[in-house]
Every structure is written in structure tokens, then in C-alpha cells.
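Only this structure's heavy atoms are used, side chains among them; waters, hydrogens and symmetry mates stay out. Here is the naming used below: chain letters follow the sequence lines, and residue numbers restart at 1 for every chain.
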Amino acid sequence: MPTITIDGKNYQAEEQENLLSVCLTAGINLPYFCWHPAMGSVGACRQCAVIEYKNTDDKHGRLVMSCMTQVREGGIYSVDATRARQFRGGIIENLMTNHPHDCPVCEEGGECHLQDMTEMSGHTMRRFRGRKRTHRNQYLGPFINHEMNRCIACYRCTRFYRDYAGGTDLQPLARNNQVYFGRHEDGLLENGFSGNLVEVCPTGVFTDKTFSKHFVRKWDLQSAPSVCEHCAVGCNTAPGARAPGNGKDPILRRVVNLYNRDINGYFLCDRGRFGYDYVNSEKRIKNVLVACEKNIISSTAAPGERIHGEIHPEPAVKHLARHLAEVQQGRRRLIGIGSPRSSLENNFALRELVGKNNFFSGLSARDLQLLQLVDRTQRDARIHCPTTPEIESADAILILGEDIDNTAPRVALAVRQAARNRQKRQAQQLQIPLWQDASVRQLRVEASPIFFIGLEKPRLADITSATLLGTPEQTALFADSIAQLILGDDTGARKLAPDCRAQVEQVANTLRQAENPLIISGCGSRSSDIIHCAGKIAATLADTSSSPCSLYLACPEVNSLGLTQFFPAGEGDLEQLAHTLEIHSGTPCTLIVLENDLYRRADRHTVERIFNSADAVILIDTLLNNTARHADLIFPAAATAESQGTYINSQGTAQRFYAVCEGASYIQESWRWLVDAANFCKQKSPQLATIAAWRHSMDLSEALAANFHQFEVLEKIGPDENYRLNGLKIARQSHRYSGRTALGAKAQVAELPPHPDPDAPMTFSMEGIQSPAMTPLSAHIWSPGWNSNQSIIKFQQEINGHRLGVRGSVPIRRQPQPLPEWQLAASVPAKTSKTLTAVPLYRLFGSGELSVGAAAIASVTDIPFAQISREDAQRLDVTAGDIGQLQLGGESHTVEIRISDAQPPGTVGVPSGLPGLETLAALLPAPAQLERRSDREPGETP
Amino acid sequence: MPDQTLTKPLTKNICPQHKPPDIERYQDNGGYSGWRKALGMAPEDIVELVQKSGLRGRGGAGFNTGLKWSFVPRGKGSPAVKYLVCNADEMEPGTFKDRLLMEQNPHLLIEGMAIAAYAIEARTAYIFIRGEYHLAAVRLEQAINEARQAGLIGPDILNSGYSLEIYLHRSAGNYICGEETALLNALEGRRAIPRAKPPFPQVSGLWGKPTVVNNVETLCNIPHLIELGSEWYKSLGRCQDAGSKLFGVSGKVNKPGTWELPMGTPIREIIEEHAGGMRDGLKLKGFLPGGGSTDFLGPTDLDLPMDYDAIAKAGSRMGTGTIIVLDDHTCPVGLVLNLSQFFARESCGWCTPCRDGLPWVVEILTRIENGSGTPEDLDLLQEQVARMGPGNTFCALAPGAAEPLQSALRLFEEDFIDHIRKGRCPYR
């Protein structure tokens, strides 16, 4: 570790580190623009200049860019030297010659790195008397605003978008001070990580358009650590909320990244960043709804559909309480259906209320089995669930049947970084430090081996060494051959076509030789064979190398793996529930559905069997959905940003999220409705009494910890509601939060006390600890002089290190179990001329149940379509763009027909979860028929 | 028989009245004998010979050519693919020497490239030529075809087992493409911005392969150097620097032009004898010794020899060796403004001092020239000059752009003050 001197003080520096990182780690305020902790140095902005001295005799020194200067043992530097300060002030002065100084109307204002750095550099007087250059802005889609006049040309946007995220449609154009960062023409930014431009851009060129619709300054937002609910990766977020005033309920206004080294680092995907707006959707359930007596009779209504009206919560809760009383008296059955998109606490509360034998997962047998297989596979001691930095450092990656670009986007971004590992290794051989980003990237080395075997050509295809496309059955076959080959057995490989065989052999050889191989798979193909194969390959590799092999298994939803923990193998699926209900059809039955749309989970027949067997259906959910149409009573559930709880991500990491704001109207956490009902019961069984006594979210977390050994860690995540720091709670609002007394003044002059938080040691006010350095519960990433999200570097142990403080993410502890015995069964797909096999396709915008409720995401979500091969298109006599009728599992849907060369013949790709086709998701893969619609009216859209 | 008395190896075939020699005439006059000789030598011996000869790069930086070649990894374990790139993007203001060579004697460049490529074991070479050099491009294409047909380049050259392809690439036009790493980016179809170093092109250059980038004139020196040896080559110079050089003069002299003269020829001799002195009634006020991006020198520096170190010692650079003369009837502010406009326009836009500093310089100089300058503007200009100092920017463009400005501010301070005081350009 080199010892260096900066302005007369000694510091220990990391070997080979650049001086800027060292200064920032040491807490020295040194301004910069083009450097980014995840993207390294390129030396473009020249803002971070310092003086380097040759030795103690050298009094003059030499101006150097700290980001481009590798620290050396005994190095002497000065940040404070007048010459360095003047130069830095001069650079800002130059940068600002074309900047419009429009801070008051700029949405970046108040969290602008350019403002901060300008202040820090001490440039205050404007001496430039010329005209400023101006640009025309572009329409970049519904997510991002573009205001190029503010640009200071740090090149971070295109470095992130192109170099880091693999985008192609944003580039630096033109030259000199006319350089323009945009697309070749107006249009939606194609890359699924475009939202990060908002945070990567040091000023207001790229801002969040969804935030613009309900904009307030950063300092006026209240925030808390949260977890993204739009996939199972579990990225950490800092959503921001603020009430519009006059007694109106708070609005969730945006989501920004919250650094977690092991999961999301500095970046979120666009579904995660812009999906939050479902909370403000028109479909949002804010009040208790009750079904009116009569069923609707209308041509558009489904059988059993009802219309609902708002009622006061009290009679509704009493109604539920009456049902609970009847259950206690044995006159009624109570069935609970949980949800993979609800917290452990909510699921647990329902399970405790209905009893574990009456608690069902809300998943089809197939989905539950897949998840249980994921869980079982991860329990094998030879399997290691990798963190994001571990994914990034893998030297060979095999992706098996999982469209991670769309099902686990942040993982795909990490895989993209892994493609550069050979390049990085060469850089090290040439003694080029890895932070020298431009130097490293210009080395032309073969990409690190990344193989993709699956259904649809991935976005990652530009970095994959080999891509084998095929049906899930073929994928499993390839994977099984690879597993055999690693063991030296080529029986399976010999049966493959010669070109496939060559590729499979290449994959097996590469994996076998890799020091740090990584297998990625998941539930996306809905094939247990693929997961078995992934486990087998990883286990085999572990056996040959005698250290665990990294295997990332992507789960479909935010708490899929958490929900799975409640069910022993073979229990808890919806088919089983339908069966059980029919057997016990004599007793009246109340069905409580927790945050779940059963029509997305199982076939229509099974769902209707369930609804028909229950005489009361109670739904607790956030958005109106198909299940809501059948509910007698609907309770409004808090969304992630409005509640506290724990999710288990695909890595098996338990993560606590905290309420950012209180839900509007009567919204509350799902479990609280159950507790309320328990409290209205006059006679309470011991179980009901326990439930009735729950007051705090942590009561449930602790009960979970006590009841499930996997969840013992839950007790340790985050302090409980009684925690105090220096006698204070943690403030959700910043110390600059404005309008506290004025906000509601029109309605009421008296300042109302802040909404109490029974769950977390946090206040919905400005009072309390506001320093993110003191506790990770503070999500208001701010430091004096550092108002932008760049200030996260102030709260890391070192640059790119862990966040300071106790971590809110802890792996759950599962009993080790070896992989189950398994053999790939020979399958011969039946092929008739008309039948195709429908297989799931995934879309970043469209496949997420909640995110499509966000207006911006809905506006770019595809129309229902079905994708077939050219071969099948000819056979079926259809052309791309035709309107077709898709018959699948007894359902018939109008779709646009698309043709893809990559679609395996004999299959039809159906977008999973896409609005309009969401009821098909649970059925895939399944036999299907597709034909052109001849009766289409002109102009009719599907 | 090699002519050891040859003094003008670069221009011996050039006669303004005639078309450039085709391959027959070129060979009749001894052409390609250097290449034939080189093919009989070991590549590393050629590198050593060139290094010993003291040939310094004629593009402006004056780095020892042989030394540059010696950085290319060779032998076992070294990359199989290497490239030679000829930098023919002659865009330095006031410079027109490479154009003469390419238009009037294209085979000399082809021969020099063949030897250089052979020496660094490259089998592919590119000429990156300035887009406006249309005639040169046509003639070079023709020369390449002739050489290929004669078996002097192409596969298995003269049964030696060595193969070389030379491709001509016409630039889309950008001064920064003259910077060797920006040139490589442009050649690869990327944005023409300089690359970070290390890695240096000799290790990881074009498409990540070891690459040598040499100036046209540098490469034209090679054939005779190989043929006649390093002692002959050294003897060509009149000073420490070896060889002959194309020197040029532009400005209000009687006979602007370019001539091949020994290294170390005194500036006075170049201007007065070869360029015919100043036009009637004009006096020399100052001059840029090596193109638009070098510091002004004054009348007292006229007796300096044109060699790299002597000019550097006087506070400027020999650069491309093409002198721009400033006379006493031409406004120095206007001249510097004109140059600054060029550099501001040609900035690649990568680093701040250049991208945003040069347009500001233009803004200030425009005001001064138009009579609305203020005394504070001179301080501002000095500050901008300091911001663009060597090491403060990513590449040498801005420091080069600052050189005529900083020296003009010193040498012609009175003129600047006069503009400001009188509120107009006193030369108009």
C-alpha cells in the first residue's frame, strides 16, 4: 500500500489506484466530471487537476489530472496549491461559457453535480461576453428529457450508454464546441438502461420525464431505502415522494438508484426506474370496494364479473371479522392465497391467519415446482449464488434458457461487463491500470466467452461468443450434453447435429478450462429440465475444480424465492387448491387473495373452479385486475414504496424495504387489514390473539425469524422501530424540506403532526438524523457540497466499496441439500400440421405485471403479438403484420403476427404477461394454433 | 552505381515542368533499388540502420524514426498482424511539403513505405491522406497499381516470401486526424479523437495491433537512406540533425514555395535566397518557423539554423519546417485570429481547455480586431494560454494552438494594445 502525501498530510492509498479515487476516499473534495466510479477515468474534462511534485525539493511541481495519475509510493501532491485551484476554476469557467445558467427552471437544480463542482471550484464571476452556442433538442421517448444546451461535454452519457450498457443509438456527434450527444434522429432510446443517463449526466441534459410530470426539487422529496419490485434481482432504490399540499395524499414521484455494491451498484434498468408510476395509476385501489348485489349483464363482462362501489373500511373489516368468527366456530373454511410479489410479512400474516394447511402459494403447480427446484438447487453446497461484482468477474459464462435482458436486466448489465475480462487481463499484462478506461477499451482482444442457449436472440448477442437458439427442449438437450461433456462423456453430444455439436463442445471445453465459470439460468423457459441441467453443469464444474461454482438462477418475481420457503415440495399450488375446494364443497368458504391476480397464475378453468367453490372472495391488492372482477370485497394494499417488509431475491438475499410515504386514502399494508379483522373478533383463539397483537412490521419479521430457520436473519436486518440514534429517529425528509407549514395551509392553518410510523425508527418529517453516513436507513444521499447522487462516494468504505453502516441485505440460511437425482427424459414433441408449441417471450416493458401500470411504460408496451418462424409463416400462409387468431388452452386471442428468423420452427412465441395476453402466461409452453383472421374489419387493431 | 554525392534525395525526380515519373522512369533513375536492397537485409538491421542515421520524424515532433520502429514487438510471441500507416493528412496551416512529394514523386513514398513495413514486419500498410489532396490521391493510387503490377508490392514480393498490401484511405477532413492516434480511430471508422496513451500505437494501434505511424516526408527519406547508408545520410545535414528536409515559405515574400535543403540551413538563407526575400516595401516583422502551431520568432532569430534543437532553444519548434512570414503591413492580431479560428473549428471536442477555450480565444480576438477589446481581454488571453499549456490538455492540439497566440502577445503586444486603445485595427 503506497503512502502518499497530499497537502502535507499522509494517506494510505490502494496499490495502482488513481489519485482522484484516493482523494475522494480520503474525503478530500476534488471536483470532477468525466470520471465515474464504475466507468473509470478518461481525462476529458480536465477538472480534477492537482500538482504533483517530483520530490521534497521540488517546490514548483507539475499540473496533472488526478484521475489519470497513478499514485506512487512516496508521491507528493497538492490539491490546495494556488496554481491547481486556479486551473480548476478556469476549467469550470470554460465549461460554463455555453451553459445557459438556467438553474431555476432546470430539473437538475438542487441535485446538480455541475452546480456542486462550480461552487467547489470557486468560479463565481462570468467573464465570457460572447454568444452561447445553442442546440436543438430531441424527443427521446417517454422516459427522458433532452436539453442539450446545458451540456458540458463530459462524455459520460455516451460512455455509459455505449461502452457500459451496449447501446448504439446515442452517440457524440459533430466536433469542437458543437459536439452533440443525441440520436441520429428523434426517437425512443432503445437501450433498457437509458434511465441511468439521468444520474450519470452531471447536469440537466438528461432528466426524468416521468418525474417532470409531478416535479419537485430533490430537497423537497422524502425518501427511504426501498427495493425494486419489478423483478427478482432486488435492486435497491431510493424512491421520492411528496404531498401536493392542501391535505392531499402524497404522490410517489420518482425512483433513483440506491447503491448496493452486491446487487445494483450504481445502475437500475428502465423498468425499475420508471415502473414506480403504477402506484399513481388510475387502476390503483385506494379505498375499500364492495361488490354490488347484482352481477353485470353485458356483452363485455366475463361470467361472474361484478361492479364495485366504495365503502367505509369499518363495515368491510367487520365483515371479514364475522367470517373469521365463523371459521373459529367451524362453520366456515378460510383459504389464503399468497403472492410472490408480496412481502414475506404479508404472506406470513395470511398464513398465520388461515393456518398453514389452508395457505396456498397462488402459483400453478408448474411455477411452484420450478421455484422449489431453484431453491433446492441453490441449497447444494457446490452451488454459489454470485453477487453482481462476482458476475462481472466471471471468465466464462453460460446462459441457459433465460432471457436475462428482460427477466433480470441488471444481471444482463453485469454480464456485459464480464465480456471485457480478457481485455482487462491484457491491460494488466501491459501494466495499464483498469481505471484507465479509454486505454483498456481500445485494446482489441477477443471477448471473454459468453454463451447463450435459449429461445430468442438476446440483446447480449453482440457480446456472446456463441448463440444457440432452440426450443426449451432443445436447450435442455444442449445443456445436458454440455454437462456430460464436462465429465468426458460425449453420448449426448454425438446425437446432435454437427454444427450444434461443435458449439456444445466449445462451451464444455471453455467452461472446463475457466477458473471462474458462471452459469445463468432461471424459470423463464418454464422448464424444470433446464434448471436441472444448469444445476448439473454447475455441480459438475464444482466437482472438477473442488470449489463451488457460481450459478445464478433468475426467479420471476420480487419475492418468488421468499414465498417458496413456506411450502414443502409438492404442496401449495393452485391446482391442488381447486381440487381441495371441490372435495370440501359442503362448507362455506372464504377465499382471501393476497396481492395476486390468479388469472396470470393458472388456466382459466382452474381459477374459475376456485372462485366457484368459494362463496366469498376477498382481495387485498394494489391495482384492479382480472381477479378483482370476481371479488366480493377488495381492500387497498400498500405498494412497496408505501410499506415495510422483506423480499428474498434470486440470490437468496433477504432485503428490508421501508415505507417512503404513507399510502393514499385507506391504503395500508395487506397484513394490517388482517390484523384489523382479527381485532374485531370478539372471541379470539390463541392464534387470532397473536395476530391481533401485531403492531409493528418488525413483529412479523421477528415471528418469521422465530418460526422459520431460513428466516432467522430477518431479525438482524435493520433495527426495529424502537431504535434511536443519538436519541433521534431517522428523518425521511431532508433538512431543506420546504413548505412544511405552508403545504396544508389552505385547508388548515394548524400544522398537523407528521404521520406516525409504527414500523421503522423513521419519521415522515424533517426531524431526526439526516446523515447517510450515520445510518444506511437514510436514503437521502446528500453531503455538504455534494447535492447530487454522486455524493454516494461519501458513504462508501472506499470507492466502489460497501455502503457504510449495517447492511440491509443478508443471505437467508437454508439447510444444505444435495441436488436431486435427475435424468433428462427423452422427449419427442408431437408435431401435427396445425399445432404449434407456444413458448414464452419476455419483454422489459410488458412482462412485468405492475410496471405496465405506469403510464410511461404502458405507452411503449407492445400490442399483443405472436411470433413464428418464416417456415411456419409460409405453411400457415401468413405474412408479418397480419392479424391472427391465437388458440391456446381454450382461449382465443387476436394478435399481430410477427415473423422471426430466430424463432424455432414449430413454435410460436407468446409475450409473457403482455397486457391483453396476460392470462396466457401461466399456460406456456403449451400447444397452440395460429391462423390468419379473415373477418377483420378494416382499421381494426387487435 | 549508388551516387554518394546525392544531396537532394527527396526531390531529385521532381521537375515542376514534367509529370511525375511513372514506375519505368522512376526505376530508370535508380528507383526501388533501396527496396531491393532492403529485401536482402534482416528487418532488425534496417531498424538499426535507420535509428543510427538519426532520421527524425518530419511530421513535427521530431522523434527518432528508427527508435519508434524499435518499439514494435517482434519475434516469437509477438502479434502476427502489424500495420504501417502513412500519415498524409497534411493540414498544418502553411504546410504543403508532403503534397509536393505525393503529387510529384509518388513512387518514392511507396518505396519508403515498403521498406518501413518490411522493417517492422507489417504486411498491410495504409496511407491516410487529406481529403482535399485529390491529385495526390489519384497519383498515389496509380503508383500503387504500377508497383503492384511490377511485383514490387503485393504477394511474395520479388520471390522474397514477403507480402505487402498498401491501401489508400482518403480522410473525411479533420485537422485532428493528423494526430496519430486520432488518425487510427478515423481509419477504424471511429470518431477522430486522440486515444489515451499508454498503450502506444507501436504496442496496440490500428485494430489493437502493433502499428507505426510515419509522416510522408519521413518515409520518403528511407529509400536513399537504405541505399546510401547512414554515414551519407548524416553528411547531408549542415548541423547535428541528419539528412535533408523540405523547407517552405509562405507569406508576402517574392517567391513562396518549398525546397529541399540540408538540415540546419539558416532561416535567413531560406527566406532571402530561396524565397526571394520580402516583397518590395515590406519588412519582416516575425515568422512562424514550423507551421501554424509554432511560436512566433522575430527578425533577430533569422540567423538560426533550421534544426530541431536550435529552434526549440529559441522558444519555438521547427515543426513541419514550413515558415509563415509575417510582414509589417499585416495585422498580427488578424493573423492570430485567423489561426485561432482554424484551431477552434478543428478541435475534436474531447477536452475542455481546447473545446471551450479556443472558441473563447476567438471571441476575444474578434472583439479586439473589431475594436471593442478591453485591456482585461489581454489578461484573459494570457489565462487561456496558460490553461492550454502542455499537459493541461489531452493532446497537443490546444498547446499548439496556444503557441502563436502566446508568442504574439509577447512579441506584438504593442499591436494588441494599439487595437484596444484606438478601438479599431490600425492596419485597416
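Heavy atoms of A:Ala153 lying under 4.5 Å from chain B belong to its backbone as well as its side chain. Residue contact with chain B, scored on non-hydrogen atoms closer than 4.5 Å, involves the side chain of A:Met68 exclusively. Looking at A:Ala174, only its backbone comes within 4.5 Å of chain B, counting heavy atoms on both sides. In this structure, the portion of B:Ser372 lying under 4.5 Å from any heavy atom of chain A is its backbone and not its side chain. Only the side chain of B:Val203 comes within less than 4.5 Å of a heavy atom of chain A; its backbone N, CA, C and O stay farther away. Heavy-atom distances place both the backbone and the side chain of A:Ile91 under 4.5 Å from chain B. Contact annotation for A:Ser439: both backbone and side-chain heavy atoms come within less than 4.5 Å of a heavy atom of chain B. With a 4.5 angstrom heavy-atom cutoff, A:Gln431 does not touch chain B via any of its atoms. In this structure, chain A has heavy atoms under 4.5 Å from both the backbone and the side chain of B:Arg195. Heavy atoms of B:Leu380 lying under 4.5 Å from chain A belong exclusively to its side chain. Heavy atoms of A:Arg129 lying under 4.5 Å from chain B belong to its backbone as well as its side chain.
Taking the six-membered ring where the residue is Trp, B:Tyr126 and B:Tyr83 present tilted rings, their angle falling between 30° and 60°. Note on ring orientation: taking the six-membered ring where Trp is involved, the planes of A:Phe160 and A:Tyr164 are parallel (angle under 30°, cut-offs 30° and 60°). Between B:Phe71 and B:Phe63, the ring-plane angle classifies as tilted under the 30° and 60° cut-offs.
With hydrogens and angles disregarded, no donor-acceptor distance shorter than 3.5 Å links the side chain of B:Arg130 to the backbone of B:Met91. A:Ser788 contributes a side-chain N or O that, together with a main-chain N or O of A:Gln790, makes up a donor-acceptor pair within less than 3.5 Å. Between the side chain of A:Arg422 and the backbone N or O of A:Ser448 there is no donor-acceptor pair closer than 3.5 Å. A donor-acceptor pair under 3.5 Å is absent between the side-chain atoms of A:Gln428 and the main chain of A:Leu434, judged by distance alone. When atom types are taken as modelled, the side chain of B:Asp377 and the backbone of B:Thr374 share a donor-acceptor pair closer than 3.5 angstrom.
For chain B, the option among A:Asn176, A:Ile432, A:Leu173, A:Asp437 with the highest count of heavy-atom pairs below 4.5 Å is A:Asn176. Chain A forms the most heavy-atom pairs under 4.5 Å with one residue out of B:Phe394, B:Trp360, B:Trp207, and that residue is B:Trp360. Listed options A:Val179, A:Asn177, A:Val64 were ranked by heavy-atom pairs under 4.5 angstrom with chain B; first place goes to A:Asn177. Counting heavy-atom pairs closer than 4.5 Å to chain B, the top-ranked of the candidates A:Leu430, A:Val42, A:Leu63, A:Asn98 is A:Val42. The choice from A:Cys154, A:Cys45, A:Ala438 that makes the most heavy-atom pairs within less than 4.5 Å of chain B is A:Cys45. In terms of non-hydrogen atom pairs under 4.5 Å with chain A, the most contact-rich of B:Glu376, B:Lys197, B:Gln384, B:Lys209 is B:Gln384. Between chain B and the residues A:Leu95, A:Val445, A:Leu443, the largest count of heavy-atom pairs under 4.5 Å involves A:Leu95. Across A:Phe33, A:Tyr155, A:Phe87, the residue that shares the most heavy-atom pairs under 4.5 angstrom with chain B is A:Tyr155. No other option in B:Ile364, B:Asn185, B:Thr393, B:Leu184 has as many heavy-atom pairs under 4.5 Å with chain A as B:Thr393. Contact tally against chain A (heavy-atom pairs below 4.5 Å) for B:Gly357, B:Gly208, B:Pro199: the top residue is B:Pro199.
Salt bridge A:Arg183/A:Asp169: present, at least one basic N to carboxylate O contact under 4.0 Å. Taking a cutoff of 4.0 Å between a charged side-chain nitrogen and a carboxylate oxygen, B:Lys82 and B:Glu121 qualify as a salt bridge. A salt bridge links B:Lys68 with B:Glu180: at least one charged nitrogen is closer than 4.0 Å to a carboxylate oxygen.
Considering CD of A:Gln47 and CE of A:Met120, their distance stands at 9.5 Å, rounded to 0.5 Å.
Side-chain contact between B:Tyr175 and B:Phe343 is present, with heavy atoms from C-beta onward closer than 4.5 Å.
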